[in-house]
Amino acid sequence: MPLEQDAELLARFRAGDRGALGAVYDAFADPLARLIRMGFRVQTADGLAVIPPLTSLFEVESLAHDVFLRAFAPAARAAYDGHRPYINYLMRIARNLRIDQFRHDRNLVFTDQPGEIEQPAVAEDDLIDRELQGLVRAFVAQLGEPDHSYYDARYRVGGSQTQAAAACGLTRIQGRRIEARIKHGLIEHLEAHGHQPRRQGEDDELPTHLG
Amino acid sequence: MSCQPTWAERIRHAVAGELDASAWPALRAHLRTCAACRAAYDRAGDAVAVLEGRPGGAPEAVRGASRAALFAALDAQAVPPIDVEGPSDPLAPSAPRARSGRGLWAGLGLLAVAAAAVMLWPANPQIDLEKPGVGFTARGGQLPQVGFKLFCLDVAGDAPRIRSVAAPLGPPARCAASDRLQFTWSSTLDGPQPLQIFAVGPEGVVWFWPPADASGLEGPATDRPLPGSFSAPGAAAGHYRVYAVAGATLAEDEVEAWWAAGEGRPEALPGQVMHAELEVQ
């Protein structure tokens, strides 16, 4: 992760440089989202509490928003020591926010199960929605041309829109249209197959929102 | 209860990267109160994230919108708007290139008003290229070679004035949506030199300079006005980053491709790069 390894970036980050904040956000947004999805168990004065996983993309993004908002405040930037993994720093803020939310609503669930303090509530592997992955694979497999070639160049090879389009002998605009068509097609494919997220998350408490 | 078709359509466009930046706040507000639409958003977003090879994360489009919302919120917590009373160089506007469907350019009438307004101002405080962070340094070089400033011009009254100004690494310029944007540039280099200025918002590149028929810039220059006057990006409230690229020639398509690649980092651009921040309120 860049912040622990790049002294110049750390200095700019602490100074509040927008470019540095953006680089840190880009590096940590997805890892933080994945950790938030895992939930955690934490030792409190009242016992070992279970904070359940957040399974809703919207709620994960909303919580991550609040985490970064606090982490990027001047005092929090100055408080980060630059040595310990920054993702842990972010996750500590996320935990505190979640615990506060649950305490506020008296929803903390305690467990007698022994466990490591602040360990994830679920294994990372359990986050993988295998049904969803199967549906996406099936959808990709039935793509015609040039959509399938574009998909390969864009997401399997990892090219930009321009690179993926060029690999297929297309213009960038054509590539962009294909990409939108693929994504719309995927959503229709899911609807046709009645896929539902494994956990709706509708009972989860909504954190403070994105602006 | 199901998600209403109009919202469902917006959700599809949002996760596919086709939702206008100005529509995101309303969508988020709706998702906070509608469990059915939130489930639809989660379902579509998770699927597109898997498609993009980032399971458990967010689709590129959602990530970009979240990033923009974060910086807008940070700016809202930051210092109050800059009230720049200082004068500016006159800027000579020329007809900008129209970009279809985005409404990025105001009418020539407003252009003339903005031009007349800035013509009233006398000399401008010069850009100090030696000041750290003001100019930018060629890769491998030692001294900053080029700098630029962004001006927000309030043209609503009888006597237009500079509402705000921004330079690279400084606080953001804060514009009203009805403001005009104009630029000055400085360079220590001699002769013709390429320069591109463009702004990106949550949905990508929202405008680009120069127009196709623009002639090249000749240096050296100090606080020289760039031809053109621009409406605030998309007339949509939000945070924008204004990049300048010198020492390399970039077409608008290449800039859009850079953004579409999901990088959005100055390091991924050629030449000499710097940026200033713009908040449209």
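All of these numbers come straight from a predicted model, not from anything done at the bench. Order of the sequence lines sets the chain letters (A, B, ...), proteins ahead of strands, with each chain counted from 1.
- Of all heavy-atom pairs between A:Leu57 and B:Gly45, the closest is CD2-CA, 3.6 Å.
- Both the backbone and the side chain of A:Leu21 come within contact range of chain B, each with at least one heavy atom under 4.5 Å from a heavy atom of that chain.
- A:Ala29 and B:Arg63 get closest at one heavy-atom pair: CB-NE, 3.3 Å.
- Chosen from A:Ala33, A:Gly22, A:Ala180, the residue pairing most often with chain B at heavy-atom distances under 4.5 Å is A:Gly22.
- The minimum heavy-atom distance linking A:Leu69 with B:Leu74 is given by the pair CD1-CD2, 3.7 Å.
- Of all heavy-atom pairs spanning A:Arg34 and B:Pro55, the tightest one is NE-O, 2.9 Å.
- Residues A:His65 and B:Arg28 fail the side-chain proximity criterion, which asks for heavy atoms closer than 4.5 Å.
- For A:Arg18 (side chain) and B:Pro172 (main-chain N/O), no donor-acceptor pair under 3.5 Å exists by modelled atom type.
- To the nearest 0.5 Å, atom CZ of residue B:Arg12 and atom CD of residue A:Glu191 are 5.0 Å apart.
- Contact annotation for B:Glu277: only side-chain heavy atoms (C-beta onward) come within less than 4.5 Å of a heavy atom of chain A.
- With respect to A:Lys183, the side chain to side chain donor-acceptor pair (under 3.5 Å) criterion is satisfied by exactly one of B:His13, B:Glu18, B:Glu52: B:Glu52.
- In terms of non-hydrogen atom pairs under 4.5 Å with chain A, the most contact-rich of B:Ala16, B:Gly56, B:Ala49 is B:Gly56.
- In this structure A:Phe68 satisfies the ring-ring contact (aromatic ring centres under 6.0 Å, His included) test together with A:Tyr25, A:Phe72, sequence neighbours excluded.
- Looking at heavy atoms from C-beta onward, A:Glu59 lies out of side-chain contact with B:Asp42 at the 4.5 angstrom threshold.
- B:Leu51 approaches A:Leu186 most closely through the heavy-atom pair CB-CD2, 3.8 Å.
- From A:Ser160, atom OG reaches atom CH2 of B:Trp258 across 12.5 Å, with rounding to the nearest 0.5 Å.
- Take A:Cys168 and apply the disulfide (SG to SG under 2.5 Å) test, not counting sequence neighbours, and it matches no residue.
- Atom-to-atom distance recorded for A:Phe58:CZ and B:Cys34:SG is 11.0 Å, nearest 0.5 angstrom.
- The two residues A:Asp30 and B:Gly57 have their closest heavy-atom pair at OD1-CA, 3.5 Å.
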